[in-house]
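Have a look at the structure below, then the notes.
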Amino acid sequence: MGSGGLRAAHYRPLTDEQIGQIHEAALHVLADVGMEVHSERCLAAYDSAGADVDGKRVKIPREVVRLAIDSAPSSVTLYAREDDRPLHLAEDRVYL
């Protein structure tokens with residue numbers, strides 16, 4: 001495989017429904033179960049971003065997650081120190 005990666009249309013291990021189920025499960029964990037955070041700096045960042053902080057327990061409401069996803073770039077390029085072939089991570093690229 002060259003530096004361009006596989007086209008995602010040729011590699012679909014999950015259906016759209018399965019991807020949706022994983023997404024919903026992740027939202028449930030973030031919003032309803034939460035996570036324990038031990039860094040005061042991280043707790044402050046979560047609080048200022050709209051998460052529910054109760055002691056060390058942080059729960060991120062679904063809307064806050066949705067806003068974060070919507071504001072994330074649709075592609076990212078990764079560069080290595082010693083390799084001149086960057087990886088362009090995007091919806092239509094898969095690297096193994």
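The figures here come from the full heavy-atom set of this structure, side chains too, leaving out hydrogens, waters and symmetry mates. Everything quoted here is computed from the prediction, not taken from an experiment.
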Can you see which heavy atom on [X] is nearest to which on [Y], and at what distance?
X: Ala31; Y: Pro61; result: CB-CA, 4.3 Å
X: Val37; Y: Cys42; result: CG1-CB, 3.7 Å
X: Val58; Y: Ala51; result: CG1-CB, 3.9 Å
X: Pro86; Y: Thr77; result: CB-CG2, 3.7 Å

How far does [atom1] of [X] sit from [atom2] of [Y], to the nearest 0.5 angstrom?
X: Leu30; Y: Ile60; atom1: CG; atom2: CD1; answer: 5.0 Å
X: Ile19; Y: Glu17; atom1: CD1; atom2: CD; answer: 11.0 Å
X: Glu36; Y: Arg57; atom1: CD; atom2: CZ; answer: 5.5 Å
X: Leu87; Y: Tyr79; atom1: CG; atom2: OH; answer: 10.0 Å

Margin query: What I'd like to find out is whether the side chain of Asp32 reaches to under 4.5 Å of the side chain of Lys59, using heavy atoms alone.
Written below: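 The answer is no, as the side chains (C-beta and beyond) never meet within the 4.5 Å cut-off.
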
Check: Taking side chain as C-beta onward, heavy atoms only, is Lys56 less than 4.5 Å from Met35?
Finding: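 Of all side-chain heavy-atom pairs linking Met35 with Lys56, none is under 4.5 Å.
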
Margin query: Going by the rule side chain to side chain contact (heavy atoms under 4.5 Å, CB included), which residues pair with Asp47 if we only count those two or more places apart in sequence or in a different chain?
Written below: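 With sequence neighbours excluded, Asp47 shows a side chain to side chain contact (heavy atoms under 4.5 Å, CB included) to Val53, given in chain and number order.
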
Notebook entry, point to check: With sequence neighbours left out, what residues match Leu27 under side chain to side chain contact (heavy atoms under 4.5 Å, CB included)?
Noted result: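 Expected list: His23, Glu24, Arg62, Val65.
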
Check: When clusters are formed by joining ILVMFWY residues with side-chain heavy atoms under 4.5 Å apart, either directly or through shared neighbours, do Val29 and Ile69 land in the same one?
Finding: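 In one cluster: no.
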
Next item on the list: Can you establish whether the number of heavy atoms outside Glu63 located under 6.0 Å from its atom CD is more than 12?
Entry: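 For Glu63, atom CD is crowded (more than 12 foreign heavy atoms under 6.0 Å).
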
